[in-house]
Visitor: 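Okay, here's the structure, questions in a sec.
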Amino acid sequence: MQINGAHVLVTGANRGLGRQFVLSLLDRGAGRVYATARRPELIDVPGVIPLRLDITDPASVAAAAAAAPDVKIVINNAGISTGANLVTGDLDTIRREMDTHFYGTLNVIRTFAPQLADGAILNVLSAISWLAYDGAGAYHAAKAAEWALTNNVRLELAKQRTLVTGLHLGAADTDMMAWYDGDKTAPEVIVAAALDGIEAHRSEVLADDASRQAKAWLSEDPSFIYREAAAALTALTS
């Protein structure tokens, strides 16, 4: 799978990592880039094809697929972070996170899958797919579900030779993470790792130290994981 010459669709392309994906795809010679957002008028990168797309609306996803029938790589980047916890958070807000990260991503994959034989899907996941965080319970649950989704659709689409890659990262230096005082990785570094992963036919990309640490902790006892995570967070923010 080569980026150069490929026709690619990026969700949530109006800001943050999505916007950086668009820029980096153009730099790498992508043949056509469909930059999608709920408000495509906010997409400010020249040389792309802006499309309206709300991933939680199946009709909107179908319309985008009809407008981009030549796409061979789909980058599922669109997401939200509400700060809701599971016990005390508003249930409608929690459902909105799941509707976006799990069902929304699944909407896109199910709709585009028929045209992605010998193509690729990249799902933007998170270190929080693997590590709970007080103040992000809904995000953690939704990203964990999206990780499971990624692994399962990889199996389902193997027969049509569709590469399915999960991208995990900690904090990227974007407006969504402006509140965070710890270490943040430049978006262009995250995106370069992701696109390199697609070209290397990798199923998983760990883009920074935070994602590598979270993955390493998966085999540990939860009491150890969360003691160490709390200590690391204190060190980062003190």
Side-chain angles (χ1 to χ4, degrees), residues 16-17 75-87 89 94 97-106 109 120-158 162-174 176-177 180-187 189-238:
L17 279 181
I75 295 176
N76 286 308
N77 165 77
I80 59 172
S81 180
T82 66
N85 268 338
L86 298 178
V87 176
I94 294 166
E97 291 241 24
M98 195 65 71
D99 284 344
T100 301
H101 295 290
F102 181 80
Y103 289 107
T105 300
L106 185 57
I109 291 172
I121 296 166
L122 177 85
N123 291 342
V124 178
L125 303 173
S126 172
I128 295 181
S129 305
W130 298 320
L131 187 67
Y133 185 87
D134 189 17
Y139 188 81
H140 167 59
K143 281 298 185 184
E146 190 181 356
W147 176 47
L149 175 160
T150 301
N151 292 332
N152 208 78
V153 299
R154 181 182 299 117
L155 295 176
E156 293 186 48
L157 296 178
T162 301
L163 171 68
V164 179
T165 302
L167 168 66
H168 293 266
L169 62 139
D173 193 7
T174 64
M176 181 180 284
M177 294 299 295
Y180 182 62
D181 292 329
D183 291 338
K184 291 183 278 193
T185 304
V189 173
I190 299 291
V191 169
L195 298 182
D196 288 347
I198 291 174
E199 293 197 317
H201 206 83
R202 293 174 59 190
S203 296
E204 185 172 86
V205 174
L206 307 181
D208 55 17
D209 289 342
S211 58
R212 287 185 283 272
Q213 181 64 81
K215 180 69 180 291
W217 275 337
L218 279 176
S219 62
E220 299 287 350
D221 183 270
S223 62
F224 169 84
I225 295 170
Y226 290 101
R227 183 172 66 247
E228 292 297 305
L233 182 63
T234 299
L236 284 172
T237 58
S238 61

Visitor: Show, in sequence, the C-alpha distance, side-chain angles and deciding distance for Trp130 and Trp147, and conclude whether the side-chain contact (heavy atoms from CB on, under 4.5 Å) test is met.
Guide: CA-CA 9 Å; Trp130 298 320; Trp147 176 47; 3.2 Å; yes

Visitor: With rounding to the nearest 0.5 angstrom, report the OH to CG distance, Tyr133 to Asn85.
Guide: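 Spacing of OH (Tyr133) from CG (Asn85) equals 10.5 Å.
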
Visitor: For Val189 and Leu169, run side-chain contact (heavy atoms from CB on, under 4.5 Å): C-alpha distance rounded to whole Å, both residues' side-chain angles, the deciding distance at 0.1 Å, then the answer.
Guide: CA-CA 11 Å; Val189 173; Leu169 62 139; over 6 Å; no

Visitor: Is it the case that Glu156 and Asn152 place a side-chain donor and acceptor less than 3.5 Å from each other?
Guide: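 Side-chain D/A pair, Glu156 to Asn152: present.
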
Visitor: Show me the pairs that pass salt bridge (charged side-chain N to carboxylate O under 4.0 Å, His left out) and involve residues 75-87, at least two apart or across chains.
Guide: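 Residue pairs with at least one partner in residues 75-87: there are none.
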
Visitor: State which residues pass salt bridge (charged side-chain N to carboxylate O under 4.0 Å, His left out) with Arg202; sequence neighbours excluded, sorted by chain then number.
Guide: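 If we apply the salt bridge (charged side-chain N to carboxylate O under 4.0 Å, His left out) test to Arg202, skipping adjacent residues, there are no hits.
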
Visitor: Quick one: pull up CG in Leu149 and CG in Leu125 and give me the separation to the nearest 0.5 Å.
Guide: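 Taking CG in Leu149 and CG in Leu125, the distance rounds to 9.0 Å.
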
Visitor: I need the His101 NE2 to Ile80 CD1 distance, nearest 0.5 Å.
Guide: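 So the gap between those two atoms works out to 5.5 Å.
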
Visitor: Test side-chain contact (heavy atoms from CB on, under 4.5 Å) on Ile190 and Leu167 and set out the steps.
Guide: CA-CA 9 Å; Ile190 299 291; Leu167 168 66; 4.1 Å; yes

Visitor: Give the C-alpha distance, both sets of side-chain angles, the deciding distance and a yes or no for side chain to side chain donor-acceptor pair (under 3.5 Å) between Thr150 and Asn123.
Guide: CA-CA 7 Å; Thr150 301; Asn123 291 342; 2.8 Å; yes

Visitor: Using modelled atom types only, decide if a donor and an acceptor are shared between the side chain of His168 and the backbone of Ala127 within a distance under 3.5 Å.
Guide: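 Between the backbone of Ala127 and the side chain of His168 there is no qualifying donor-acceptor contact (under 3.5 Å).
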
Visitor: For Thr82 and Ile94: C-alpha separation, side-chain torsions, deciding distance, then whether side-chain contact (heavy atoms from CB on, under 4.5 Å) applies.
Guide: CA-CA 8 Å; Thr82 66; Ile94 294 166; over 6 Å; no

Visitor: Any idea which heavy atoms bring Ser219 and Ala216 closest together, and the distance?
Guide: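 Scanning both residues completely, I find the closest heavy atoms to be OG-O, 3.7 Å.
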
Visitor: Can you check whether Ile75 reaches Leu195 side chain to side chain, under 4.5 Å on heavy atoms?
Guide: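 Yes, side chains in contact.
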
Visitor: Atom CG of residue position Asp134 - does it have more than 12 heavy atoms of other residues, nucleotides or ligands inside 6.0 Å?
Guide: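 No, the 6.0 Å shell around CG holds no more than 12 heavy atoms from other groups.
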
Visitor: Nearest 0.5 angstrom please: Arg154 CZ to Leu163 CG, how far?
Guide: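 It is 8.0 Å, given to the nearest 0.5 Å.
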
Visitor: For the backbone of Val124 and the side chain of Lys143, can you confirm whether one donor and one acceptor N or O come within less than 3.5 Å of each other?
Guide: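 A pair under 3.5 Å: yes.
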
Visitor: State the CG-NZ distance between Leu206 and Lys215, to the nearest 0.5 angstrom.
Guide: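 Between Leu206 CG and Lys215 NZ, I get 5.5 Å after rounding to 0.5 Å.
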
Visitor: List the atom of His140, the atom of Ser129, and the distance in Å for their closest heavy-atom pair.
Guide: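 Result for this residue pair: CE1-O, 3.8 Å.
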
Visitor: Within this structure, what is the CG-OG1 distance for the pair Asp99 and Thr105, rounded to the nearest 0.5 Å?
Guide: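 OG1 of Thr105 is found 11.0 Å from CG of Asp99.
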
